Amino acid sequence: MAFNKEKFIKYILTVFALSSLFFLFLIFAFILIEGLPLFLKVGFKNIIFGFKWAPTKGSFGIFPMIVSSFLVTFGALIVGGPLGLSCAVYLAEYSGKRMKMLLKPALELLAGIPSVVYGFLGVIYIVPLVRNYLGGSGFSLISTSVILGVMILPTIISISFDAIMSVPRTYREGSLAMGATKWQTIYKVVIPSARSGIMAGFILGMGRAIGETMAVIMIAGNALKIPTSLLDPLRTLTGNIALELAYATGDHRLGLFSTGVVLLVIIMALNYIANFGIKKKRLK
Amino acid sequence: MDVKIRLENLKASYNEQEVLKGITIDVYKNMITGFMGPSGSGKSTIISILNRMMEFEDGIRIEGKILFDGFDLTKTISSVELRKRVGTVFAVPIPLPRSIYENIAYGPRLNRINDREKLDQIVINSLKNAFLWDEVKDRLNTSALKLSGGQQQRLCLARTLALHPEIILLDEPCSGLDPISTAKIEDALSELKKDYTIILVSNNTKQIARISDYSAFFYMGELIEYGNTEDLFTNPRIKKTDDYISGKFG
Ligand SMILES: Nc1ncnc2c1ncn2[C@@H]1O[C@H](COP(=O)(O)OP(=O)(O)OP(=O)(O)O)[C@@H](O)[C@H]1O
Ligand SMILES: [Mg+2]
């Protein structure tokens, strides 16, 4: 046969599938080409460990932003981790069918809410709350962590939920048959068995938090220093790019790309840990 | 002979389909009672009623009386408490993904036994009674998942023993095991009946004939014949039983 339809379809699909790889490659190449030259010119150390960001005056230190990005990410994890895990456990182990049918779409909706809306709600409610009851301007590490904590909930919940559901039913039965209560079974058998999946959920949640931009610039205050308290404002790597890109030129613009390179490396590392580091452990 | 478990007109149905049609049976203390019967005859259903694991199933309905030592415990004892008295070994050995030691200490720890010496003693005794001690005594802290299938099954027996139950239910414990492992389990059970009441579900009639004191033959949710193993195997009163033990069906 001259024209094999099956083969043709497979060929077309392969091309489409590979194109996503191609786009990824393009993005990487673009950011590296734009971002690396400044590293070579100013020096890695001066950028990554530099404290002063004054790009029009030749200082490209982004250390405070790296620290800030990690701080809000851990803050988000502290808020969203326990909450998300509890929710996943409830969904997987306790909720009835009807509750599941209510909660799952609600979670998808939560994931689908645009981040500007989260930022908006943060500015309207969280920021004044922090200002009035805890002090400071309200644009702070703690406000940002709370909002990001909520934003990463869907990621944490859905991945932890899958991990918990994939624990074999027989593990639960073995434990229950030995006279363990349901809760004992969950925290002694189910959660430890699902640990690697739950960790992956946390790490992907961190990836989501560190990459979040819009909500963060709206509530973080964007000050250029390392926060010394929960109430201090801060500026993240993503915030830095978004805030300045519109008017940056020359070396300043390249500095933003360097910020992007650092961000990319951090996110890649997180994804790598979530996908490979944890899976390997499970195989052992 | 003391009656340990008495079932009176026990009926069970899954979604309106009756799978136990009025079972009445006395299971005697310190005996091994063999349950046999073709697939779907309701043996596992009885087991899961006895250990109340059926409460995790949807759509099952149960009628009739279940008496332990003459008492109906349905309302007086929680399932969690009951399962400490009624231990179960399943067909597929399912050690928890922990060390050998921790698998056995799991049950005692649930009962707040945390004293290391006491735990050590329980672990050692349980492993010895399950005829596993010699094979694992040098690697108690390695993962239980690394044991062979036969060893895993004896580990599951050992961890049931660690709970000091009164009754041990075994649902086809040897179905996936080689003859040597099977023999070890059988030896262990024959020793253990001194201290426990044992119900052994098996599709292997030879195994039932070998080690059980009493035998029950189930068919389509009914108890067809029950009695002393020797009598039942040499002189079955009902033709269906004869057909089954002589391998004509099943
Ligand atoms: N969870 C369930 N839902 C619906 N029906 C069930 C369920 N479990 C068992 N049954 C039905 O109950 C009947 C008895 O099953 P049971 O598992 O007790 O048989 P069994 O004697 O243990 O068989 P086998 O030797 O194959 O293990 C069967 O007809 C089976 O289809
Ligand atoms: Mg069965």
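In the text below, chain A, chain B and the rest are named by the order of the sequence lines, each starting its count at 1. Quick caveat: nothing in here was measured; it's all calculated off a predicted structure.
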- If you tally heavy-atom pairs under 4.5 Å against chain B, which of P168(A), G179(A), P192(A) wins? G179(A)

Look at atom [atom1] of [X] and say whether more than 12 heavy atoms of other residues, nucleotides or ligands are closer to it than 6.0 Å.
X       : atom1 : answer
K100(A) : NZ    : yes
E6(A)   : CD    : no
Y125(A) : OH    : no
Y28(B)  : OH    : yes
Y14(B)  : OH    : yes
R61(B)  : CZ    : no
F56(B)  : CZ    : yes

- Query: Where on P95(B) is there a heavy atom nearer than 4.5 Å to chain A: the side chain, the backbone, both, or neither?
  - Reply: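 Just its backbone gets close to chain A.
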
- Item | Contact origin within L110(B) toward chain A - heavy atom pairs under 4.5 Å |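 Answer is both: backbone and side chain atoms of L110(B) are under 4.5 Å from chain A.
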
- Item | Heavy-atom proximity to chain B below 4.5 Å, by part of K182(A) | neither

- Can you name the closest pair of heavy atoms from Y106(B) and M178(A) and give their distance? CD2-CE, 3.5 Å

- Task: Locate the shortest heavy-atom distance separating A180(A) from V80(B); write the atom from each residue and the value.
- Result: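 Shortest heavy-atom separation between A180(A) and V80(B) comes out as O-CG2, 4.1 Å.
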
- Query: Are side-chain heavy atoms of K188(A) and R98(B) found at a separation under 4.5 Å?
  - Reply: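 Yes - at least one pair of side-chain heavy atoms lies under 4.5 Å apart.
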
- May I ask you to say whether E173(A) pairs ionically with R83(B), meaning some side-chain N is under 4.0 Å from a carboxylate O?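 Salt bridge: no.
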
- Flag the one option from R85(B), M53(B), K84(B) with the top tally of heavy-atom pairs under 4.5 Å to chain A. M53(B)

- Rounded to the nearest 0.5 Å, the CZ atom of R172(A) sits from the CD1 atom of I94(B) at a distance of 12.0 Å

